[in-house]
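In what follows, every chain begins at residue 1, and chains take the letters A, B, ... in the order their sequences are listed. Keep in mind the model is a prediction, meaning the values are calculated, not measured.
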2 protein chains.
Amino acid sequence: MSQTAPRRKSRASAGLPPITADKIIDSALELTAERGLDGWSIRQVSTKLGVWPGVIAHHVGDREAVVMGVTDRVISRIPVPDTDVPWRDWFGTLMLEGRAVLRQYPGVARRMVVVGPNVPAALSTIDKGIKVLLDAGFGGQATQIYRYLLNSAFMLVAVEDDRGDFPTARADMGRAMAAFADDDSHPGLAAAAAQAIARSEAQADHAEHELDFFRFTVERSLDGAEAMLNRPADSR
Amino acid sequence: MSQTAPRRKSRASAGLPPITADKIIDSALELTAERGLDGWSIRQVSTKLGVWPGVIAHHVGDREAVVMGVTDRVISRIPVPDTDVPWRDWFGTLMLEGRAVLRQYPGVARRMVVVGPNVPAALSTIDKGIKVLLDAGFGGQATQIYRYLLNSAFMLVAVEDDRGDFPTARADMGRAMAAFADDDSHPGLAAAAAQAIARSEAQADHAEHELDFFRFTVERSLDGAEAMLNRPADSR
DNA sequence: ACCTGAACACCGTTCAAGT
DNA sequence: ACCTGAACACCGTTCAAGT
């Protein structure tokens with residue numbers, strides 16, 4: 001026994017084309033759409049491609065490199081608005097359309113916010129966004145405002161993604177809150193519970209409510225930026 | 001050979017007190033302070049306590065349960081301001097002091113934002129925060145404003161934590177930007193590069209710059225909330 | 001009730017050997 | 001250059017058996 005099993009036919013001798021880095025990222029991108037950026041392993045990518053795990057290291061590098069490849073691809077799918085619109089519209093559009101793309105690839109928003117500008121695909125967005133802010137009169141604050149606005153929107157998408165890993169969290173929270181619905185000693189919680197109940201009656205769909213809160217966040221952030229314009233320059 | 005090794009003396013027979021859930025969370029909390037919430041394994045916690053891995057499951061549950069225990073402990077360390085201060089001060093203080101605590105335990109901010117109100121320690125903060133907003137006149141918007149403000153601050157802390165895992169990211173970005181410092185075809189990037197260079201000359205310390213941007217974000221978010229107060233009620 | 005000790009089904013990464 | 005195949009040092013979780 002333990003007679004050595006026959007070596008499997010190599011891809012080359014079977015007439016198969018060589019694996020490329022692009023094909024590896026393709027597979028990882030598909031798995032990310034299905035299960036999120038933290039929902040697949042290098043071994044699963046290699047199985048999907050029909051090769052041994054070491055092949056991924058050979059063509060792309062370690063897991064981190066594959067993740068960066070996926071992140072770059074997703075970012076490049078986010079449409080960049082034309083720069084001839086008012087700054088609020090430019091950012092509002094980028095944020096809404098960015099969310100639509102990012103939510104298809106759970107976990108990528110977080111990477112984008114963390115390593116953001118290091119990814120090649122992000123550069124032209126940064127260029128145009130800061131130009132729009134300069135034209136709007138933000139002057140020396142343009143860079144910080146840009147970071148602030150993109151953070152606000154895409155950090156929230158990252159949290160929306162993460163909440164997908166805790167499917168019971170919403171219901172648990174609802175119950176925790178409801179317990180205070182008529183508790184005079186906790187007026188804040190009582191008010192929050194009442195609002196939560198009213199909202200859940202008016203709006204059954206969770207995705208709809210999530211989008212509403214995203215829009216709310218976008219508008220508040222734009223208001224927060226706009227307040228810098230209506231302020232004497234010397235008060236920072 | 002293969003003679004069965006002698007069974008190790010049990011904790012009980014060695015006169016040692018039984019492990020408790022609290023002691024397990026204590027150990028995990030220490031490891032979190034040292035290496036972050038994703039920087040330790042259940043096996044490392046068990047080694048630190050001198051017991052077998054299965055013991056953690058017996059007393060606390062799976063890894064997720066241990067992480068929740070750590071999160072609850074950290075949140076309970078965040079001081080909640082008195083409710084007799086103006087709403088901007090109340091939130092500004094909570095955010096700054098919350099950041100100081102959370103940054104000592106990398107990775108906890110993310111959990112807090114994602115599962116937030118499910119953690120017992122968060123309830124009194126929610127109660128007081130919403131009360132402060134109601135008193136300030138936010139009315140039916142109080143709950144959403146509360147979520148918006150806490151998200152803004154603590155999502156940013158989560159990103160600050162995450163960036164710790166990419167120590168070279170800042171330098172890489174600096175180089176990528178600097179390449180555009182005098183590129184007329186990319187006015188936005190050129191401006192960003194110039195501002196980045198000016199800043200790095202004025203402010204060598206990265207932690208200081210991070211705190212500055214955190215404060216900037218807090219002020220912008222408070223401005224964004226305040227804009228809701230100076231608005232006719234019927235325009236939402 | 002509490003803990004030991006082992007087993008199970010996974011990971012990511014590395015690397016000699018084959019083609 | 002590309003890939004096979006195995007090895008290495010880890011994971012989290014489960015569970016029978018001991019005390």
Side-chain angles (χ1 to χ4, degrees), chain A residues 1-28 31-32 35-70 107 111 165-166, chain B residues 1-28 31-32 35-70 107 111 165-166:
Chain A
M1 56 192 54
S2 105
Q3 66 175 22
T4 48
R7 194 182 174 84
R8 190 170 70 177
K9 243 170 54 168
S10 77
R11 288 181 61 86
S13 67
L16 291 165
I19 297 291
T20 62
D22 262 12
K23 282 186 206 161
I24 291 167
I25 306 296
D26 284 343
S27 288
L31 289 173
T32 301
R35 315 206 275 265
L37 200 57
D38 298 321
W40 49 261
S41 66
I42 287 292
R43 292 177 108 103
Q44 286 167 353
V45 175
S46 75
T47 301
K48 194 175 158 83
L49 289 164
V51 296
W52 291 80
V55 174
I56 275 94
H58 185 259
H59 286 283
V60 180
D62 60 11
R63 191 180 196 283
E64 178 57 26
V66 180
V67 164
M68 283 297 233
V70 170
R111 295 306 272 236
D165 299 332
F166 300 89
Chain B
M1 57 194 56
S2 105
Q3 66 175 27
T4 47
R7 194 182 174 84
R8 190 169 68 177
K9 245 171 48 167
S10 76
R11 288 182 62 85
S13 68
L16 291 167
I19 297 289
T20 61
D22 261 12
K23 281 186 206 161
I24 291 167
I25 306 296
D26 284 342
S27 288
L31 289 172
T32 302
R35 317 206 272 266
L37 201 57
D38 298 321
W40 50 261
S41 66
I42 286 294
R43 292 177 108 102
Q44 286 166 354
V45 175
S46 74
T47 300
K48 195 176 159 81
L49 289 164
V51 296
W52 291 81
V55 173
I56 274 94
H58 184 260
H59 287 283
V60 180
D62 61 10
R63 190 180 196 284
E64 178 58 26
V66 180
V67 164
M68 284 297 232
V70 170
R111 295 307 273 237
D165 299 333
F166 300 89

Over all atoms of both residues, closest heavy-atom pair of B:Ser46 and B:Ile56: CB-CD1, 3.4 Å
With side chains defined as the heavy atoms from C-beta onward, is the minimum distance between B:Lys23 and B:Thr20 less than 4.5 Å? yes
Watson-Crick and G-U pairing of DNA chain D, under 3.5 Å, as dot-bracket with | and [ ]: ||.|||||...|||||.||
Show each protein N/O and nucleotides 17-19 of chain D N/O combination with a separation under 3.5 Å, one pair to a line.
none

Do B:Phe166 and A:Arg111 touch side chain to side chain, with heavy atoms closer than 4.5 Å? yes
For DNA chain C, what residues of residues 14-23 of chain B have any heavy atom nearer than 4.0 Å? B:Pro18, B:Ile19
Below 4.0 angstrom, which residues in residues 49-60 of chain B have at least one non-hydrogen atom near DNA chain C? B:Val51, B:Trp52, B:Val55, B:His58, B:His59
When rounded to the nearest 0.5 angstrom, what distance separates CG in B:Asp26 from CG in B:Leu31? 11.0 Å
Pairwise distance CZ(A:Arg8) to OG(A:Ser13) - rounded to 0.5 angstrom: 10.5 Å
Note: B:Arg63 and B:Trp40 closest approach over all heavy atoms is NH2-O, 2.5 Å
Listed partners of A:Asp62 passing side-chain contact (heavy atoms from CB on, under 4.5 Å), at least two apart: A:Glu64, A:Ala65
Looking only at heavy atoms, the pair that brings A:Gly39 and A:Gln44 closest together is O-OE1, 3.8 Å
So, do B:Leu37 and B:Val70 sit near enough that their side-chain heavy atoms are less than 4.5 Å apart? yes
For A:Ser27 and A:Leu49, which heavy atoms make the closest approach, and how far apart are they? OG-CD2, 3.2 Å
Expected rows: protein N/O vs nucleotides 9-12 of chain C N/O, under 3.5 Å:
{"residue": "C:dC11", "atom": "OP1", "partner": "A:Ser41", "partner atom": "OG", "Å": "3.3"}
{"residue": "C:dC11", "atom": "OP1", "partner": "A:Gln44", "partner atom": "NE2", "Å": "3.1"}
{"residue": "C:dG12", "atom": "OP1", "partner": "A:Ile42", "partner atom": "N", "Å": "3.1"}
{"residue": "C:dG12", "atom": "OP2", "partner": "A:Ile42", "partner atom": "N", "Å": "3.1"}
{"residue": "C:dG12", "atom": "OP2", "partner": "A:Arg43", "partner atom": "N", "Å": "3.3"}
{"residue": "C:dG12", "atom": "N7", "partner": "A:Arg43", "partner atom": "NH1", "Å": "2.6"}
{"residue": "C:dG12", "atom": "O6", "partner": "A:Arg43", "partner atom": "NH1", "Å": "2.8"}

Checking the side chain of B:Lys48 only, and the main-chain atoms of B:Ala28 only, is there a donor and an acceptor separated by less than 3.5 Å? no
Please determine which of A:Val67, A:Val45, A:Ile24, A:Ile19 meets the side chain to side chain contact (heavy atoms under 4.5 Å, CB included) test together with A:Val60. A:Ile24
